[in-house]
Amino acid sequence: MVMWGILLISSLGLIYQLFTNRSQIGRALSRFTIQIVIGAIVLLALNLFSDYTHFTLPINLVTLGVIGLLGLPGFALLGALKLVLI
């Protein structure tokens, strides 16, 4: 019960913050969305040329989220993790 109460209170606080700072949140969400779309296009292009490069990265929510948050360094991070771990 305590955990549900904490979840409810924190959710209401988050919703309050989102609606009071609309201009800043709107700009951040639009930038995040644009980076996700550009990241998806870059991942698609990378996977299309995988016959030549022999390197692929999956297009899923995790990879798009990392690229959306971090941009080009996130793309480099995913590539480095793929090379090191696999």
Side-chain angles (χ1 to χ4, degrees):
M1 261 332 216
V2 173
M3 297 301 262
W4 283 106
I6 293 172
L7 177 67
L8 179 67
I9 291 171
S10 63
S11 298
L12 290 174
L14 178 64
I15 291 170
Y16 174 74
Q17 287 294 325
L18 285 174
F19 285 117
T20 56
N21 296 328
R22 282 186 237 158
S23 64
Q24 294 174 351
I25 297 298
R27 277 187 264 142
L29 285 176
S30 65
R31 182 174 173 234
F32 181 68
T33 304
I34 290 170
Q35 283 186 328
I36 284 178
V37 169
I38 292 171
I41 292 169
V42 169
L43 284 175
L44 181 63
L46 176 74
N47 289 336
L48 285 175
F49 292 111
S50 66
D51 292 338
Y52 302 112
T53 61
H54 302 290
F55 186 77
T56 60
L57 284 174
I59 301 175
N60 55 31
L61 291 176
V62 174
T63 57
L64 290 177
V66 168
I67 291 174
L69 283 175
L70 300 176
L72 187 60
F75 183 72
L77 172 74
L78 289 173
L81 283 173
K82 170 91 177 202
L83 289 174
V84 170
L85 295 178
I86 296 178

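Counting from 1, the numbers follow the sequence of the chain as shown. As a basis for the values below, the full set of heavy atoms in this structure was taken, side chains included, without hydrogen atoms, waters or symmetry mates.
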Problem set entry | Separation of Ile34 CD1 from Ile38 CD1 (nearest 0.5 Å) | 7.0 Å
Exercise. Considering residues, nucleotides and ligands other than Phe32, do more than 12 of their heavy atoms fall under 6.0 Å from its CZ?
Worked result: yes
Problem set entry | Cluster check Leu85, Val62: I/L/V/M/F/W/Y, side chain < 4.5 angstrom | no
Exercise. Are Val42 and Phe49 grouped together when hydrophobic residues (ILVMFWY) are joined by side-chain heavy atoms under 4.5 angstrom apart?
Worked result: no
Problem set entry | side chain to side chain donor-acceptor pair (under 3.5 Å) against Asn60, all qualifying residues, sequence neighbours excluded | Thr63
Exercise. Other than Val37, what residues sit in its cluster of Ile, Leu, Val, Met, Phe, Trp and Tyr side chains whose heavy atoms are under 4.5 Å apart, directly or through others?
Worked result: Ile41
For this session: Name all pairs fulfilling the side chain to side chain donor-acceptor pair (under 3.5 Å) condition that reach into residues 42-53, sequence neighbours left out, sorted by first residue then second.
Result: none
Please set out all donor-acceptor pairs under 3.5 angstrom arising from side-chain atoms of residues 66-83, sequence neighbours excluded.
unit_1: Lys82; atom_1: NZ; unit_2: Thr56; atom_2: O; d: 3.1

